[in-house]
Each structure stands twice: as C-alpha cells, then as structure tokens.
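Model, not experiment: these values are computed from the prediction.
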Amino acid sequence: MKNIVPHITFCTLLLFGCAGLAIAQNTDEINRVEFFGGFSHNRVDTGLASEDLGDEFDTSFGKRLGANGVNLSLTGNFSKYVGAKFDFATHSKSENGSFEGDPFNIKYRISNYLGGIQIKNNSKDGPRVKPFAHIMAGVAKQTVTLESPALVEVFGSPTFKYSENNLALAFGGGVDVRVSRRVDIRLFQVDYNPTYVKGREFEDFELDGKLQNNVRFSFGIVIH
C-alpha cells in the first residue's frame with residue numbers, strides 16, 4: 001500500500017491540474033452545476049468464507065455481501081468536458097440469527113466520502129444520451145454492530161460495535177439520458193470501489209490487512 005499511495009496522489013494532482021487549466025474556457029453554454037441522487041447497491045468483498053464463520057455462525061455475510069443504500073454527488077463543471085466531483089454513498093445490511101442457542105443481530109454499514117474528476121459532455125445543447133466517466137479518491141467508513149444477550153458475559157454489554165476508516169477509490173462511469181432542459185435520468189452507473197483495509201490486532205485474534213474489491217451499482221435522477 002505504501003507504493004500505491006504516491007501514484008494515487010500524483011494522478012489526483014494531475015487531474016486537478018488539467019481541470020484548473022480548463023477554467024479559462026468559456027462556461028456560458030455549459031451546465032455549471034450537476035446534482036445526482038438515487039438508489040445504490042454495493043457488492044462488498046468481505047473476504048469471509050463459510051469456513052471462516054463456522055456452521056453455527058454461517059449467515060449471508062459471506063465472501064460477497066449485498067448492501068443497499070443511496071448515492072449522492074455534486075459536480076462543478078469547469079469546461080464542456082471536465083468537472084470536479086464530490087460523491088457520497090452509504091450502504092447497509094442487517095440480519096438476525098442464532099449462535100449456540102442465543103439470538104443475535106448483526107448490522108454492517110459502509111459509507112464512502114470521495115472526490116475527484118468527472119468527464120462528460122456538459123454542453124446545454126449537447127446530445128440526449130450522455131456517457132460519463134469519473135475517477136475519485138477518499139475515505140470509506142465501515143461499521144459492524146453485533147447485538148446478542150450472549151455478549152454480556154464477554155463485554156459486559158449486549159452490544160459490540162467496531163468502526164474503521166480506510167482509503168477508498170472509485171473508477172467507473174455510466175450513461176445519462178436527457179428528459180428535459182434541467183433533468184436527466186441516470187440509467188446506470190457502475191464503479192469499481194476498492195477499499196484498503198488496515199490490519200488490526202485484538203486481544204484474542206488478529207485481522208489481516210486486505211484489499212476489498214467492492215463493486216457499486218447506482219441509478220437515479222440528475223438535476224442541473
């Protein structure tokens with residue numbers, strides 16, 4: 001990961017540098033601001049297999065976890081094709097089960113706070129169908145909450161909660177279709193959303209650092 005960060009930083013600075021050069025261009029005929037909001041589904045790479053969880057604790061929280069949520073973004077366009085983008089997405093999943101006769105509820109949430117560059121035809125009189133692409137970097141906050149009466153003997157409380165912030169990226173794009181002068185429909189957006197999870201040591205066990213190969217799907221409405 002130490003070797004990856006300098007390359008990510010260089011690419012981000014280069015992209016913002018190109019955007020800065022584009023500011024001097026005429027922006028009278030472009031959509032200067034764009035807001036997107038819609039439904040989103042994240043296929044989260046937990047790295048857990050059924051053999052890791054055991055038969056007693058085997059749930060759908062396996063190697064691939066499907067979490068639903070929302071995706072919001074705000075883009076300020078510098079030129080006809082380049083804009084600076086801030087993206088927020090949050091996804092969650094909850095499940096009930098039992099472990100050695102005791103009921104439990106497990107909740108998982110991942111929230112991405114990302115910023116970067118979007119490439120798209122931002123002309124007000126542009127084509128009706130507008131493909132776009134973006135590259136972003138930021139932070140992913142992941143939280144796991146476990147609730148069970150059996151936890152009282154271990155933690156002195158029926159609730160255990162663990163949260164962590166990690167480096168996250170997003171590479172992807174999609175297609176928008178204009179339905180009016182100020183409204184587009186985002187037919188689809190697909191993002192490769194890798195997250196670099198740090199290793200952690202607990203009292204009785206250790207979590208290895210890993211790369212989560214998450215994939216995010218979104219659709220909704222664009223207003224400009």
Connected via hydrophobic side-chain network under 4.5 Å: Ile110 and Val215: no
Straight-line distance of Tyr113 OH to Phe86 CZ, nearest 0.5 Å: 8.0 Å
Ser40 side chain vs Phe217 backbone, donor-acceptor pair below 3.5 Å: yes
Sole residue of Arg186, Lys85, Lys124 in salt bridge (charged side-chain N to carboxylate O under 4.0 Å, His left out) with Glu34: Arg186
Leu74-Val139 co-clustered via ILVMFWY side chain contacts under 4.5 Å: no
Distance, nearest 0.5 Å, that separates NE2 of His224 from OG of Ser180: 7.0 Å
CG on Asn112 to CZ on Phe88, rounded to 0.5 Å: 9.0 Å
Sidechain-backbone polar pair: Arg178 side chain, Gly126 backbone, donor-acceptor under 3.5 Å: yes
4.5 Å side-chain heavy-atom contact, Val82 and Ile119: yes
Cluster overlap Ile221 with Phe132, hydrophobic side-chain contacts below 4.5 Å: no
Results of side chain to side chain donor-acceptor pair (under 3.5 Å) for Asp87 - residues two or more places apart only: Asn71, Arg216
Side-chain donor-acceptor contact under 3.5 Å, Asp191 with His134: yes
Residues Lys93, Leu65; criterion side chain to side chain contact (heavy atoms under 4.5 Å, CB included); working and verdict: CA-CA 8 Å; Lys93 183 176 179 64; Leu65 181 153; 3.7 Å; yes
Pairwise distance CZ(Arg128) to CG(Asp184) - rounded to 0.5 angstrom: 10.0 Å
Heavy-atom closest contact (Ser123 atom, Asn121 atom, distance): N-OD1, 3.1 Å
Listed partners of Gln142 passing side chain to side chain donor-acceptor pair (under 3.5 Å), at least two apart: Tyr108, Gln212
Atom NZ of Lys141: over 12 foreign heavy atoms under 6.0 Å: no
Heavy-atom check, side chain of Tyr162 versus side chain of Glu164, under 4.5 Å: yes
Cluster check Leu114, Val33: I/L/V/M/F/W/Y, side chain < 4.5 angstrom: no
Interatomic distance, Leu72 atom CG to Phe36 atom CZ [nearest 0.5 angstrom]: 8.0 Å
Cluster check Val183, Phe35: I/L/V/M/F/W/Y, side chain < 4.5 angstrom: no
Spacing of CG belonging to Asn122 relative to CG belonging to Asn31, to within rounding of 0.5 Å: 6.5 Å
Heavy-atom closest pair, residues Ser79 and Ile30: O-CD1, 3.5 Å
Derivation of the side chain to side chain contact (heavy atoms under 4.5 Å, CB included) call for Lys210 and Asp45: CA-CA 10 Å; Lys210 70 181 296 291; Asp45 177 15; 3.6 Å; yes
Minimum heavy-atom distance between Val44 and Asn214, given as atom pair plus value: CA-OD1, 3.4 Å
Closest heavy-atom pair and its distance - Tyr192, Leu211: OH-CD2, 4.2 Å
Side chain to side chain contact (heavy atoms under 4.5 Å, CB included) assessment of Lys107 paired with Ser92: CA-CA 7 Å; Lys107 300 176 182 177; Ser92 63; over 6 Å; no
Nearest heavy atoms of Arg109 and Thr90, plus distance in Å: NH1-OG1, 2.8 Å
Side chain to side chain contact (heavy atoms under 4.5 Å, CB included) between Ile185 and Phe219, intermediate numbers included: CA-CA 8 Å; Ile185 297 296; Phe219 65 88; over 6 Å; no
